Amino acid sequence: MDTIRVRIRRFDPETDQAPRYETFEVPRAPEMRVLDVLDYVHETLAQDVAYRWFCGVKKCGTCAVTVNGTPKLACWEPAEAEMTIEPLANLPVVRDLVVERGPCREGLCAIEPLIQRTTEYPGFPEPLSHRAMARAGHLRDCILCLACHAACPVMAEPGTRFAGPAVLVNLAEVALDPRDGADRARIAETAHVFSCVSCYECERVCPAEIPIVRDAIEPLKRLVYRRGIGEGARHARLFLDSVKKHGRVNAPQLVLATQGANREALGRGFRMMARGKVNPVRSLLEGRAGGAEALRKLYEGSEENE
Amino acid sequence: MHDPVSTDVLVIGGGAAGAKAALTAHEAGARVTMVVKGFLGKSGCSIFASHLPYYDESTQEKASDRLRYAVRYYNHYLTDQDHVRRMGVYMRTEFHAELERLGVYWLRDEQDRIFATGPRVPTVVVHKQGASGPIIMEKRRREIFARGIPVLEECAATALLTDGGRVVGATIFDYRHGVTFPVAAKTTILATGHSDYLASRSTATREQSADGVAMALRAGAEAANLEMQWWHVSDMAHPRTWMRIHVYPNPLLGTPESSRLYNTRGDVFYEQKTHSPGSSAPYVEQARRLALEVQKGLARWDGGYFSGYDHIPADVVRTYQHQAKVWQKLGLDVGRDRLECGITWHMRQGGLNVDAATMRASLPGLYLAGGIGCHYLGGVGPVSYDGKVAGTCAADEAHGRPAPALPSEQVEAEDRRIFGFLRHADDGCLPIQLKLGIRDVMWELGYVKNERKLVHALQRLQRLRDEELPRMGLQSTSRTWNSGWLDALDVTAMLDATEATVRSALLRKESRGPFYRDDYPVTDNEHWIARVVLWRNGNGWQSRIDPIPTPHLKPEKAREPFFEADY
């Protein structure tokens with residue numbers, strides 16, 4: 001019989017010192033999803049395996065787990081012949097595959113996730129342009145499954161203050177709403193939007209196929225940049241100015257300008273210099289890169305477009 | 001047991017009805033506490049909402065179409081027609097507005113007009129087809145958090161507490177932490193829904209085990225028309241978890257076209273515009289047509305028949321993204337391939353007995369909101385109206401009442417019951433196996449019912465109760481997020497609710513809408529436009545038949561053969 005071999009990470013905080021893995025053989029059923037495999041294990045092999053789901057059809061967003069290293073919606077993705085299933089990363093584990101969603105809920109509440117109207121609601125149907133509403137079109141597909149939160153390397157940093165891609169998708173959704181009048185730039189800055197390193201891992205794993213970086217994070221960064229608030233915006237401004245002036249990023253100047261000549265920055269600079277990663281003398285002395293003039297024109301063009 | 005919580009209004013259930021009830025009671029100045037078995041706005045069936053009715057009653061004709069749709073096709077005359085009118089006013093003047101004010105985007109067309117489908121009973125969607133439910137419920141969730149209403153999530157209400165027949169709160173099982181606590185409430189609103197996972201194939205969400213019906217029955221409340229159970233016909237046969245995906249039988253947004261059903265031989269046996277032109281709720285008609293195919297051996301209840309859009313240009317279907325993506329995910333072509341279907345237990349038209357004017361249940365202190373009531377089928381809009389009525393009346397009654405004392409004996413007895421399940425199975429059976437057993441009884445009972453099958457189902461349920469239930473135990477006795485422990489509680493609720501459903505079915509001696517008995521194959525409007533009211537009396541059951549008035553719309557025929565009726 002065609003079977004699926006599934007290794008499930010188990011952890012019961014009351015009896016286990018550390019997570020352990022248990023392997024099960026599950027007979028394959030037609031069009032089987034990852035969730036069907038977990039259901040089979042629960043119903044037949046290990047009743048006490050803890051995993052969360054409600055709707056089973058990509059609406060509630062509560063069944064995301066890590067399958068062979070990638071966060072996935074269990075109800076949506078096909079079962080693979082060999083699977084290691086683990087809880088979502090970057091969230092505390094409650095038991096087995098069940099994670100604590102509280103941190104994301106708090107992050108979401110902190111961004112004031114409902115539109116704030118500056119004018120009185122005129123009554124249904126209010127005048128709305130479908131074009132204006134389409135700016136946040138993809139973002140409305142988010143079901144807060146937290147796959148992106150689990151895939152984000154910045155969320156894995158201990159002590160990170162980054163609100164994470166899931167929260168930012170929902171922030172952008174209200175920020176791009178023509179009816180919203182809240183100070184979304186300040187809220188985005190408080191959510192540390194510039195901590196995003198644009199690695200696109202969130203987009204790779206999003207089951208709703210939301211272009212998270214392009215449609216949510218970049219527009220939020222632009223909002224903050226234009227308002228010129230916070231370290232992130234300052235860094236972005238100096239980065240752009242550096243490229244505009246030199247035709248390329250002048251790393252030592254950028255570091256000096258954003259972080260100042262503090263001991264930590266200087267220490268790191270010397271270490272990088274010793275390993276040949278940077279050459280501040282050349283950077284400071286060299287002239288503009290070739291094509292800098294063409295680049296300046298591009299700048300002017302894009303500023304006009306903005 | 002943990003410290004009791006005290007509140008003015010306790011709302012049990014976190015779907016559209018519970019959310020609106022909590023918001024309304026809170027606006028009225030009451031202290032509100034919500035208890036949700038899953039997550040507010042994520043568990044429960046409100047997230048399945050796709051097309052929402054758009055109440056255009058600008059002409060007499062449109063208003064009468066609307067009434068006919070709600071009374072005849074949606075509720076088979078088993079609704080409170082005055083309630084339908086009052087709810088219509090809310091739907092016309094408040095529902096869409098209150099969600100739009102909150103930021104919900106009702107889809108516009110190229111001319112920026114509200115995108116409505118269906119000329120007779122138009123429907124609208126949020127953002128795009130298939131997306132309405134999750135978006136509406138996420139906004140509600142945020143609204144409730146923004147108001148600071150306490151929401152206890154992953155907490156199951158297990159029993160209603162009563163004092164001299166009056167409901168004074170409930171006991172709560174927090175399965176995340178493995179603790180229990182009572183809530184003392186001046187008034188309690190039950191909003192646990194109408195879509196329960198009681199048969200092997202069901203559209204319900206995982207946590208829906210008829211807790212509301214079961215705990216109300218145990219507290220002495222009346223149920224009504226529990227047997228009026230809808231089956232969905234065009235739901236996917238595979239994969240199993242996608243039995244909750246419905247190949248939508250109504251017209252696609254902006255077109256008159258809809259999916260078709262094909263039997264084993266590939267013959268069309270159902271298409272909305274041909275077989276139920278007057279109805280935009282064709283589900284009962286689909287089921288009747290399927291029953292005939294099954295009779296001929298050209299389909300099975302769990303497969304062997306198909307649905308698809310291959311008669312419609314693929315680009316038209318692809319604009320209906322929600323459905324096309326299902327095909328795409330399975331590597332199929334929506335313009336060419338058909339999906340195998342099976343029926344699923346979908347929702348209950350009946351529920352607990354209720355006075356729809358106040359949403360009071362038959363026990364003082366207890367209110368209902370949404371599909372749990374017997375007054376109307378459901379839907380995110382209509383149940384929001386229930387929430388408004390229940391929230392208003394429950395807050396009003398709570399105002400000025402003293403905080404109730406908790407009946408400590410009941411609290412302690414419920415605590416013993418809950419912790420009594422926390423024992424190893426040894427050689428006994430596991431709760432999930434009992435759940436599967438109960439679902440199998442109801443699946444075997446299925447669509448075609450008669451006295452012999454109903455009595456057999458009762459016997460099977462009794463055997464599970466007598467022989468399996470006492471031997472039930474768990475694999476793990478840890479207290480943290482122990483789903484087996486929660487399953488054990490579900491089993492007791494499911495046994496009570498399914499038994500009541502079967503008993504109610506034995507009492508209705510006719511066939512109507514989704515309810516078919518081959519020993520009474522006639523829709524009998526003379527005797528059975530009525531509530532089959534059922535309640536517990538000690539260890540036994542009592543019942544009565546209450547006629548339902550038909551002040552605004554009466555059926556044309558006194559009696560008609562079930563397979564000739566169109567509602």
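Labels below follow one simple rule: chain letters A, B, ... track the order of the sequence lines, proteins then strands, and each chain is numbered from 1. Predicted, not measured: the structure shown is a model, and the values here were computed from it.
Judged by the 6.0 Å distance and 45° axis criteria, Arg52(A) is not positioned over the aromatic ring of Tyr175(B).
Taking the side chain as every heavy atom from C-beta outward, Trp481(B) and Tyr51(A) never approach each other to under 4.5 Å. Contact of the Glu31(A) side chain with the Trp242(B) side chain is not registered, since no non-hydrogen atoms from C-beta on lie closer than 4.5 Å. Contact of the Arg105(A) side chain with the Phe145(B) side chain is registered, since non-hydrogen atoms from C-beta on lie closer than 4.5 Å. By the 4.5 Å heavy-atom criterion applied to side chains, Arg142(B) and Asn170(A) are counted as neighbours.
Within a 6.0 Å radius of CZ in Arg131(A), no more than 12 heavy atoms belonging to other residues, nucleotides or ligands are found.
Proximity to chain B is limited to the side chain of Val98(A), based on heavy atoms less than 4.5 angstrom apart. Residue contact with chain B, scored on non-hydrogen atoms closer than 4.5 Å, involves the side chain of Thr62(A) exclusively. Using a 4.5 Å cut-off between heavy atoms, Ala29(A) makes no contact with chain B at all. Interface remark: Leu102(B) contributes backbone and side-chain atoms alike to the contact with chain A (heavy atom separation under 4.5 Å). Of the atoms belonging to Ile114(B), it is side-chain heavy atoms, and not backbone ones, that fall under 4.5 Å from chain A. Contacts between Leu144(A) and chain B at a heavy-atom distance below 4.5 Å involve backbone atoms as well as side-chain atoms. When heavy atoms are compared at a cutoff of 4.5 Å, Met133(A) approaches chain B solely by way of its side chain, counted from C-beta outward.
For chain A, the option among Gly484(B), Gly133(B), Ser483(B), Ser43(B) with the highest count of heavy-atom pairs below 4.5 Å is Ser43(B). Of the listed residues (Glu207(B), Lys435(B), Arg113(B)), the one with the most heavy-atom contacts under 4.5 Å to chain A is Glu207(B). Your options are Pro30(A), Pro13(A), Cys142(A), Gly137(A), and the one with the most heavy-atom pairs under 4.5 Å with chain B is Pro30(A). The most heavy-atom pairs under 4.5 Å with chain A, out of Trp485(B), Tyr197(B), Trp106(B), Phe115(B), come from Trp106(B). Among the candidates Leu108(A), Val174(A), Thr44(A), the residue making the largest number of heavy-atom pairs closer than 4.5 Å to chain B is Leu108(A). For chain A, the option among Gln111(B), Arg176(B), Glu143(B) with the highest count of heavy-atom pairs below 4.5 Å is Arg176(B). Interface summary for chain A: among Glu153(B), His238(B), Glu98(B), His127(B), the most heavy-atom pairs under 4.5 angstrom belong to His127(B). Your options are Glu77(A), Glu100(A), His130(A), and the one with the most heavy-atom pairs under 4.5 Å with chain B is His130(A). Considering only heavy-atom pairs separated by less than 4.5 Å from chain A, the leading option among Glu340(B), Glu110(B), Met243(B), Glu94(B) is Glu110(B).
Of the possible donor and acceptor atoms, one in the side chain of Gln47(A) sits under 3.5 Å from a partner among the backbone N and O of Gln475(B). Under the 3.5 Å distance criterion, the side-chain polar atoms of Thr241(B) are left unmatched by any main-chain donor or acceptor of Cys75(A). A donor-acceptor contact shorter than 3.5 Å is absent between the side chain of Lys59(A) and the backbone of Ala49(B).
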- Task: Determine, step by step, whether His42(A) and Asp487(B) satisfy the side-chain contact (heavy atoms from CB on, under 4.5 Å) criterion, reporting the C-alpha distance in whole Å, the side-chain angles of both residues, the deciding distance to 0.1 Å, and the verdict.
- Result: CA-CA 11 Å; His42(A) 172 57; Asp487(B) 281 341; 3.3 Å; yes

- Using the side-chain contact (heavy atoms from CB on, under 4.5 Å) rule, take Phe48(B) and Val57(A) through it: C-alpha gap first, then chi angles, then the decisive distance, then the call. CA-CA 9 Å; Phe48(B) 291 134; Val57(A) 288; 3.4 Å; yes

- Message: side-chain contact (heavy atoms from CB on, under 4.5 Å) for Val126(B) and Arg140(A)? Distances and angles first, verdict last.
- Response: CA-CA 10 Å; Val126(B) 174; Arg140(A) 284 186 207 102; over 6 Å; no

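To the nearest 0.5 Å, the span separating CZ on Arg240(B) from CZ on Arg33(A) amounts to 14.5 Å. Distance SG/Cys145(A) to NZ/Lys42(B): 8.0 Å, rounded to 0.5 Å. To the nearest 0.5 Å, the span separating CG on Asp141(A) from CD1 on Ile135(B) amounts to 7.0 Å.
Shortest non-hydrogen contact noted between Lys139(B) and Glu173(A) is NZ-OE1, 3.2 Å. Residue Val104(B) comes nearest to Arg179(A) through the heavy atom pair O-NH1, 3.8 Å, listed as atom of the first residue, atom of the second, then distance. Across all their heavy atoms, Ile47(B) and Cys55(A) have their closest contact at CD1-CB, 3.7 Å.
Proximity to chain B at a heavy-atom threshold of 4.5 Å picks out Pro113(A), Leu114(A), Ile115(A), Arg117(A), Tyr121(A), Gly123(A), Phe124(A), Pro125(A), Glu126(A), Leu128(A) from residues 112-128 of chain A, in numerical order.
Residue pairs that meet the salt bridge (Lys or Arg N to Asp or Glu O under 4.0 Å) test with at least one member in residues 3-12 of chain A, sequence neighbours left out, are Arg5(A)-Glu25(A), Arg5(A)-Glu82(A), Arg10(A)-Glu22(A), Arg10(A)-Asp48(A), Arg10(A)-Asp96(A), Asp12(A)-Arg95(A).
Salt-bridge check for Lys329(B) with Glu209(A): failed, with every basic side-chain N at 4.0 Å or more from each acidic carboxylate O.
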